[in-house]
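The block underneath contains the structure these notes are about, expressed in structure tokens.
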Amino acid sequence: MTNLSSSTSATRSSNAWLARKQGFERTADLGFTPRNTIHQGDCTRLMTGMEANSVDLILTDPPYITRYRGRDGCTVANDDNARWLKPAFAEMHRLLKPGGFAVSFYGWNKVDLFVEAWKAAGFRLVGHLVFRKRYASSARFLRYEHEQAYLLAKGNVELPADPIPDVIDFPYTGNKLHPTQKPVEALTPLIRTFSQPGDLILDPFCGSGSTLAAAKMLGRNYVGIELSAKHHETAMARLRNTRRRAA
């Protein structure tokens, strides 16, 4: 008869060795999804070490693939290529529970690449969101005064009890913590509508931690991943100073 305890221990040991070999040193362990932590590293690799069907909601702001450069010259890692796009969303779909939602910001002029990646991963497109700015982030043929995201679903999902509008105000953050910092105020309605207190919220492109801060404030658990060591430290410090709101 096989000793299940010994077998499980051996499997975890083998997985831990594989994790170290592939650069997962900052992951707590393979085979489960940690809570209320922020990992620093490549999100696709780190997500492969997490448990399938373990996340209740994904809310993320990946690179737009637009070669972004801010007024101060700041850039965004991997914003110059789409090699990460399909592998990352395939892992997100694997981690999300059946019946769960994902909200992904995207670059409007690369929408074909994003939609292809979402559908290839198995997501259904079930809604579109516009985030209304009171300022223009830039101007060319038009003044760019909004951000955008798609609401994605895994499998059959239930309609929300109180649907929110598909146009949400987007206060100016000043990008003080990150070149493309999203305001917590624009993210909280999404987390409140598409998750429950105690749920686990994933942001694999967490930047300065706006999604994670919103999740914590609303009494949700969170797990974030950030490639940049600098932004990872910013997010860690930010979450230490974020308090859960009273119910």
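The local environment of CZ in Arg35 is crowded, with over 12 non-hydrogen atoms from other residues, nucleotides or ligands closer than 6.0 Å. The neighbour count for Asp112 CG, taken as heavy atoms of other residues, nucleotides or ligands under 6.0 Å away, is above 12.
Residues Ile38 and Leu212 are in side-chain contact: their nearest non-hydrogen atoms beyond the backbone lie under 4.5 Å apart. Residues Ile201 and Phe194 have side chains not in contact (no heavy-atom distance under 4.5 Å, counting atoms from C-beta outward). Thr242 has its side chain out of reach of Val184: every pair of non-hydrogen atoms, C-beta onward, lies at least 4.5 Å apart. Under the 4.5 Å side-chain criterion, counting only non-hydrogen atoms from C-beta, Cys206 is not in contact with Tyr222.
Once rounded to the nearest 0.5 Å, the distance linking OG1 of Thr44 with CG of Leu46 reads 9.0 Å. In this structure, CG on Asp61 lies 8.0 Å from OG on Ser104, to the nearest 0.5 angstrom. In this structure, the separation between CD on Gln196 and CG on Leu218 is 11.5 Å, given to the nearest 0.5 Å. Distance check: Leu200 CG to Thr33 OG1 gives 6.5 Å after rounding to the nearest 0.5 Å. One finds the CD1 atom of Ile225 at 8.5 Å from the OG1 atom of Thr37 (value rounded to the nearest 0.5 Å). A distance of 6.0 Å separates OH of Tyr150 from CG of Leu125, quoted to the nearest 0.5 Å.
Hydrophobic clustering (ILVMFWY, side-chain heavy atoms < 4.5 Å, transitive): Ile58 and Val115 are in one cluster. Under the 4.5 Å side-chain heavy-atom criterion for Ile, Leu, Val, Met, Phe, Trp and Tyr, Val130 and Val111 are members of distinct hydrophobic clusters. Following chains of ILVMFWY side-chain contacts shorter than 4.5 Å, one can reach Val223 starting from Phe89, so the two form part of one hydrophobic cluster. Placement of Met50 and Met92 within a single hydrophobic cluster is found when ILVMFWY residues are connected by side-chain heavy-atom separations under 4.5 Å, directly or transitively. Phe123 and Phe205 end up in the same hydrophobic cluster when Ile, Leu, Val, Met, Phe, Trp and Tyr side chains are linked at under 4.5 Å.
Across all non-hydrogen atoms, the minimal contact from Leu113 to Leu85 is O-CD2, 3.5 Å. Scanning both residues, Met47 and Ala88, for their nearest heavy atoms gives CE-O, 3.5 Å. Smallest separation of non-hydrogen atoms from Leu190 and Ala186: CD1-O, 4.0 Å. In plain terms, the two heavy atoms of Leu96 and Val55 that are nearest each other are CD1-O, 3.4 Å. Minimum interatomic distance between Pro183 and Pro171 (heavy atoms only, all atoms of both residues): CG-O, 3.4 Å. Closest approach of Phe101 to Leu151, counting heavy atoms only: CD2-CD1, 3.7 Å.
Legend: salt bridge (Lys or Arg N to Asp or Glu O under 4.0 Å) pairs involving residues 203-212, not counting sequence neighbours: none detected. Screening residues 115-131 for side chain to side chain donor-acceptor pair (under 3.5 Å) gives Lys86-Glu116, Tyr106-His128 as the qualifying pairs, with residues at least two apart or on separate chains. Applying the salt bridge (Lys or Arg N to Asp or Glu O under 4.0 Å) test to pairs two or more places apart or on separate chains, those with a residue in residues 90-101 are Asp56-Lys97, Glu91-Arg94.
In summary, of the residues considered (Glu147, His146, Glu145), a side-chain hydrogen bond (donor to acceptor under 3.5 Å, both in side chains) with Lys133 occurs for Glu147 alone.
Between Phe131 and Phe105, the distance from one ring center to the other falls under 6.0 angstrom.
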- Message: Could you go through Leu129 and Val103, starting from their C-alpha distance and side-chain angles, then the distance that decides it, and tell me whether this counts as side chain to side chain contact (heavy atoms under 4.5 Å, CB included)?
- Response: CA-CA 9 Å; Leu129 294 149; Val103 178; 4.0 Å; yes
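Of the possible donor and acceptor atoms, one in the side chain of Ser137 sits under 3.5 Å from a partner among the backbone N and O of Tyr144. For Arg220 (side chain) and Met217 (main-chain N/O), no donor-acceptor pair under 3.5 Å exists by modelled atom type. No donor-acceptor pair closer than 3.5 Å links the side chain of His93 to the backbone N or O of Lys154. Listed for the Thr234 side chain is no donor-acceptor partner under 3.5 Å among the backbone atoms of Ser208. Formation of a donor-acceptor pair under 3.5 Å by the Asn53 side chain with backbone atoms of Leu95 is not found in this model.
Partners of Phe141 under the ring-ring contact (aromatic ring centres under 6.0 Å, His included) rule, at least two apart in sequence or in another chain, do not exist in this structure. Applying the salt bridge (Lys or Arg N to Asp or Glu O under 4.0 Å) test to Lys216 and every residue at least two apart in sequence or in another chain returns nothing.
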Quiz: residues 157-170 side-chain donor-acceptor pairs under 3.5 angstrom, not counting sequence neighbours:
unit_1 : atom_1 : unit_2 : atom_2 : d
Asp169 : OD1    : Arg132 : NE     : 2.9
Asp169 : OD1    : Arg132 : NH2    : 2.8

